[in-house]
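The next block holds one structure in the form of structure tokens; read it before the comments.
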Amino acid sequence: MDGTCDEIDDPRIMKHLLTVEQLSGPEIAEIFKLAREFKKGRGKAKQKQPLKGQTWALIFNKASTRTRVSFEVGIRELGGSSLYLSTNDIQMGRGETVADTARVLSRYIHGVVIRTYAQSDVEQFAEAGTIPVINALTDDEHPCQILADLFTLVEKRGTLKGKKVVFFGDGACNVCNSWLFGAAKTDMEIWVAAPKQFQPGKEWVKRAGGNIHVTEDVSLAAKNADVLYTDVWVSMGKEAEAVDRLKILAPYQVNAALLKQAKPGVLVMHCLPAYIGKEITADVFQAHQKTIFDQAENRLHVQKAIITLLAK
Ligand code: CP
Ligand code: NVA
């Protein structure tokens, strides 16, 4: 699957988006096809309104700028209404079960976007409820981010098959996990350059099953790379480990010296938020800001495509 296919007759009907692992090649291609249409048609009169009369809830248990705003704007542009529910404000924050919350909300609303800690929470919600569930980031995965990243790469490089992407830094985080699956589904070669304690778990590498290389050697990883990717060193929920993480991950910074070892014209990507001077230097961030903010913009188009495919 090279992500460029425009001729999808019968993609499997998605019920939820909980992980990149469960997506088929045709589903990814269909998401990209619709995202392209939404991007091209944004602001024009005849926009699809598949959510007309629908209300979708955003249940967030962690902070967010891009995900929250792009989902709220996207739902509105698709003709629906959104309801932002911080877990501090609903009974789930006081111990009501995920399953009961899912059963109740399924009587009122048409879909739910969840950002939380445990992957099992989004799975339980999907199991107990009767509405589509979108994973908007858990400790394990960030599927919407990786789909937007892959879409951005297709826009910039046309085909994904055989391209080498290297993830630097916290290789045991949600973004890297979803990248392992995303690279495998699109026939990309993925390298993870990380210190031993921040390398992807063996079970993730096995489950993803693609062309995956894990190393502590940043030069070897960067060699001949088409894409250098990084994420924050201190993910949400890991704040207590901040001091150690900043020290241990310092050699994995994306900087000018690293770029010199990659392919000329290498793309630098970052899911944001960025911590300048930590995982990426100011000069590299500045020079590659077009790609990085295209990634952020594409969250909107790609998520509108995902919702459209999930909406009943
Ligand atoms: N990249 C991303 O998910 O950003 P937010 O945490 O701001 O949503
Ligand atoms: N790995 C980061 C991603 C932020 C979008 C986190 O979980 O905080």
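One-based numbering, in listed order, for ligands and for the atoms of each.
- At a threshold of 4.0 Å, the pair Lys48-Glu37 counts as salt-bridged, since one of the basic side-chain nitrogens sits closer than that to a carboxylate oxygen.
- Geometric assessment of Arg68 against the ring of Tyr84 yields a positive cation-pi assignment under the 6.0 Å and 45° thresholds.
- Of all the atoms in ligand 1, the ones that sit under 4.0 Å from a non-hydrogen atom of Arg66 are 1 (N), 2 (C), 4 (O), 5 (P), 7 (O), 8 (O).
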Val73 and Leu300: side-chain contact (heavy atoms from CB on, under 4.5 Å), yes or no, with the steps?
-> CA-CA 8 Å; Val73 169; Leu300 172 68; 4.1 Å; yes
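- Considering backbone and side-chain atoms together, Gln145 places an N or O closer than 3.5 Å to an N or O of ligand 1.
- Between Phe32 and Phe151, the distance from one ring center to the other falls under 6.0 angstrom.
- When heavy-atom distances to ligand 2 are checked against a 4.0 Å cut-off, Asp170 has no atom that comes that close, whether in backbone or side chain.
- Under 4.0 angstrom from ligand 1, the non-hydrogen atoms of Arg115 all belong to its side chain.
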Hey, mind stepping through Gln119 and Leu18 against side-chain contact (heavy atoms from CB on, under 4.5 Å) and telling me if it holds?
-> CA-CA 8 Å; Gln119 179 75 14; Leu18 306 183; 4.2 Å; yes
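- Within ligand 2, counting atoms from 1 as listed, the ones closer than 4.0 Å to a heavy atom of Asn174 are 1 (N), 2 (C), 6 (C), 7 (O).
- For Tyr229 and Trp179, the ring centers are positioned less than 6.0 Å apart.
- Interface of Val232 with ligand 2, defined as ligand atoms under 4.0 Å from a residue heavy atom, comprises 2 (C).
- Between Leu272 and ligand 1, a contact under 3.5 Å exists for at least one N or O pair.
- For Glu189 (side chain) and Ala225 (main-chain N/O), no donor-acceptor pair under 3.5 Å exists by modelled atom type.
- Of all atoms in ligand 1, numbered sequentially from 1 with element shown, those under 4.0 Å from a heavy atom of His142 are 2 (C), 3 (O).
- By the criterion of a heavy-atom distance under 4.0 Å, both the backbone and the side chain of Thr65 are placed next to ligand 1.
- Those atoms of ligand 2 that come under 4.0 Å of a heavy atom in Met236, given as number and element, are 6 (C), 7 (O), 8 (O).
- Given atom 4 (C) of ligand 2, the protein heavy atom at minimum distance is Leu137 CD1, 4.0 Å.
- Side-chain atoms of Phe71 and Thr67, non-hydrogen and from C-beta on, do get closer than 4.5 Å to each other.
- In terms of polar-atom proximity, Ser235 is counted as a contact of ligand 2, with an N or O under 3.5 Å from an N or O of the ligand.
- Under the 4.0 Å criterion applied to side-chain N and carboxylate O atoms, Lys164 and Asp226 are not assigned as salt-bridge partners.
- Contacts of Leu272 with ligand 2, taken as heavy-atom pairs under 4.0 Å, involve the backbone alone.
- The shortest separation from a heavy atom of Leu137 to ligand 1 is not under 4.0 Å, leaving the residue out of contact.
- Distances between N or O atoms of Lys62 and those of ligand 2 include no value under 3.5 Å.
- Residue Cys271 has at least one N or O atom closer than 3.5 Å to an N or O atom of ligand 1.
- Each of the following atoms of ligand 1 lies closer than 4.0 Å to a heavy atom of Arg299: 1 (N), 2 (C), 3 (O).
- Ion pair Glu21/Lys185 not flagged as a salt bridge, since none of the NZ, NE, NH1 or NH2 atoms sits closer than 4.0 Å to an Asp/Glu carboxylate oxygen.
- In this structure, Phe181 has its ring center under 6.0 Å from that of Trp204.
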